[in-house]
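Worth knowing before you read on, the calculation uses all heavy atoms, side chains too, and leaves out hydrogens, waters and symmetry mates.
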Amino acid sequence: MKILKFAAIDIGSNAARLLLTNVVEDGETVIFSKSSLVRVPIRLGEDAFSIGYISEHRAQKLLKTMVAFKNLMEAHDVVAYRACATSAMRSSSNAPQLVEMCKKHADISIEVIDGSREAKIIYANGIAEMLDHDRSYIYVDVGGGSTEITVFEKGEIKASKSFNIGTLRILKGMIGKPDFKQVRDWIKDIIKKKEQPKIIGSGGNINKLYKLARKPVGEPLYQNEIKKLYDFLNGFSIEDRIKLLSLNPDRADVIVPATKIFLKVMKWSGAKEVIVPTIGISDGIIRTLYTDYKQNFTMQQ
């Protein structure tokens, strides 16, 4: 048996995450086991979606976070890592300078990936393995700056698209009816309501909704339950969500618009339930990283 440790850095619009994962090789069997997750709420999207670039204050927070992540990876004897930045960095005019800064001062190489690449990494989570090939599924990943939607039929990708509709953009009043209409029209074009697809939900907000609903592991969230959670959360001020519901400050404001996005996708697609496997882009990065690592290892032998 051989154990390797890999790391994924996901620099999102709301937070930066470091996922450390043990990959256990036992003959032909490969097991991915999460070791630890560190999350830092930098909120790059606060700058990117309002002024078009990352301010010096948040740039320094990003750098300090990358230095900390680098030290943690070295302490954990990580054999390989990959750092990906998504919507906020895509929208920032000074992203190239930030990438250069993090490389120079933290020795972290950051890839700013587009929505298509983001969707492919998410798909690498082994989603196909959990699908019933006799029905349709919609994979929905809601972030601070964008929402990735992938439609599966018979275990294969039928269509995939990234929309610039995210929780931070909604909070800043940047998203209107025409933006949601774009999503609605695309979904209705791909999915017919009679199919009643199931949604596979991804992202910190749907994971938190799942915990709030206190569902048994493996049981889906139903549309009426999500609507009740939306009404429940919307009935509290952001301050009370923090004080009374014990939500993190950077979760308390974005969870309501995230829930709204899921409800809209359910309405337009005819889906009645959401499966929540608690996976995200970080897990996909680990999978693709391991595949690349093994290919390079084989080529060097």
Open item on the list: Checking Phe232 now: which residues fulfil ring pair (Phe, Tyr, Trp, His ring centres under 6.0 Å) with it, not counting sequence neighbours?
Closed with: Phe236
Open item on the list: Under the rule for ring pair (Phe, Tyr, Trp, His ring centres under 6.0 Å), what residues qualify as partners of Phe69, not counting sequence neighbours?
Closed with: none
Expected list for residues 83-93: side-chain donor-acceptor pairs under 3.5 angstrom, two or more places apart:
residue, atom, partner, partner atom, Å
Ser87, OG, Gly145, O, 3.4
Ser87, OG, Arg169, NH2, 3.2
Arg90, NH1, Ile113, O, 2.7
Arg90, NH1, Glu118, OE1, 3.2
Ser91, OG, Ser87, O, 3.0
Ser91, OG, Arg169, NH2, 3.3
Ser92, OG, Ala88, O, 2.7
Ser93, OG, Gly52, O, 3.4

Open item on the list: Tell me whether the count of non-hydrogen atoms from other residues, nucleotides or ligands lying under 6.0 Å of NZ in Lys172 goes above 12.
Closed with: yes
- [ ] Taking atom NZ of Lys34 as the centre, report whether more than 12 heavy atoms of other residues, nucleotides or ligands fall under 6.0 Å from it.
- [x] yes
Considering only heavy atoms from C-beta outward, does the side chain of [X] approach that of [Y] to under 4.5 Å?
{"X": "Leu37", "Y": "Leu18", "answer": "no"}
{"X": "Phe6", "Y": "Phe32", "answer": "no"}
{"X": "Val30", "Y": "Val23", "answer": "yes"}
{"X": "Val274", "Y": "Pro220", "answer": "no"}
{"X": "Lys227", "Y": "Gln223", "answer": "no"}
{"X": "Ile190", "Y": "Lys158", "answer": "yes"}
{"X": "Asp114", "Y": "Arg117", "answer": "yes"}
{"X": "Leu212", "Y": "Leu229", "answer": "yes"}

Kindly compute the distance separating [atom1] ([X]) from [atom2] ([Y]), expressed to the nearest 0.5 Å.
{"X": "Leu4", "Y": "Tyr293", "atom1": "CG", "atom2": "OH", "value": "5.0 Å"}
{"X": "Ser162", "Y": "Ile149", "atom1": "OG", "atom2": "CD1", "value": "9.0 Å"}
{"X": "Ile170", "Y": "Ile175", "atom1": "CD1", "atom2": "CD1", "value": "6.5 Å"}
{"X": "Ile191", "Y": "Ser269", "atom1": "CD1", "atom2": "OG", "value": "7.0 Å"}
{"X": "Ile42", "Y": "Thr65", "atom1": "CD1", "atom2": "OG1", "value": "3.5 Å"}
{"X": "Glu239", "Y": "Leu247", "atom1": "CD", "atom2": "CG", "value": "12.5 Å"}

Is there a continuous path of hydrophobic side-chain contacts, each under 4.5 Å between heavy atoms, that joins [X] to [Y]?
{"X": "Val40", "Y": "Met101", "answer": "yes"}
{"X": "Leu72", "Y": "Ile285", "answer": "no"}
{"X": "Leu289", "Y": "Ile9", "answer": "no"}
{"X": "Tyr230", "Y": "Leu221", "answer": "yes"}
{"X": "Val67", "Y": "Ile11", "answer": "yes"}

Sequence neighbours left out, what passes salt bridge (charged side-chain N to carboxylate O under 4.0 Å, His left out) with [X]? Give chain and number order.
{"X": "Lys211", "result": "none"}
{"X": "Lys198", "result": "Glu273"}
{"X": "Asp26", "result": "none"}
{"X": "Asp141", "result": "none"}

Charged N to carboxylate O below 4.0 Å: is that the case for [X] and [Y]?
{"X": "Glu46", "Y": "Arg58", "answer": "no"}
{"X": "Lys294", "Y": "Glu25", "answer": "yes"}
{"X": "Glu148", "Y": "Lys161", "answer": "no"}
{"X": "Asp283", "Y": "Arg287", "answer": "no"}
{"X": "Arg135", "Y": "Glu153", "answer": "no"}

- [ ] Write down the atom of Tyr210, the atom of Gly218, and the distance for their closest heavy-atom approach.
- [x] OH-N, 3.3 Å
Open item on the list: Under the criterion side chain to side chain contact (heavy atoms under 4.5 Å, CB included), I'd like the reasoning laid out for Lys215 against Tyr222: C-alpha separation, chi angles, the key distance, then a yes or no.
Closed with: CA-CA 10 Å; Lys215 303 285 288 187; Tyr222 294 98; 4.0 Å; yes
Open item on the list: Checking Asp47 against Ser55 for the side-chain hydrogen bond (donor to acceptor under 3.5 Å, both in side chains) test, could you report, in this order, the C-alpha distance in whole Å, the side-chain angles of both residues, the deciding distance, and whether it holds?
Closed with: CA-CA 6 Å; Asp47 291 339; Ser55 65; 2.7 Å; yes
Could you give the side-chain donor-acceptor pairs of residues 251-262 under 3.5 Å, partners two or more places apart or in another chain?
residue, atom, partner, partner atom, Å
Arg251, NH1, Asn205, OD1, 3.2
Asp253, OD1, Arg43, NH2, 2.7
Asp253, OD2, Arg43, NH1, 2.8
Asp253, OD2, Arg43, NH2, 3.2
Thr259, OG1, Ile255, O, 2.6

Has the side chain of [X] got a donor or acceptor atom that lies under 3.5 Å from a matching backbone atom of [Y]?
{"X": "Ser282", "Y": "Asp10", "answer": "no"}
{"X": "Asn94", "Y": "Ile54", "answer": "yes"}
{"X": "Gln60", "Y": "His57", "answer": "no"}

Other than [X], what residues sit in its cluster of Ile, Leu, Val, Met, Phe, Trp and Tyr side chains whose heavy atoms are under 4.5 Å apart, directly or through others?
{"X": "Val217", "answer": "none"}
{"X": "Ile242", "answer": "Ile238"}
{"X": "Tyr53", "answer": "Ile51"}

Donor-acceptor list for residues 179-187 side chains, cut-off 3.5 Å, not counting sequence neighbours:
residue, atom, partner, partner atom, Å
Asp179, OD2, Gly176, N, 2.8
Lys181, NZ, Asp185, OD2, 2.7

- [ ] Give the intermediate values and the outcome of side-chain hydrogen bond (donor to acceptor under 3.5 Å, both in side chains) for residues Ser109 and Lys103.
- [x] CA-CA 5 Å; Ser109 298; Lys103 178 61 181 173; 3.2 Å; yes
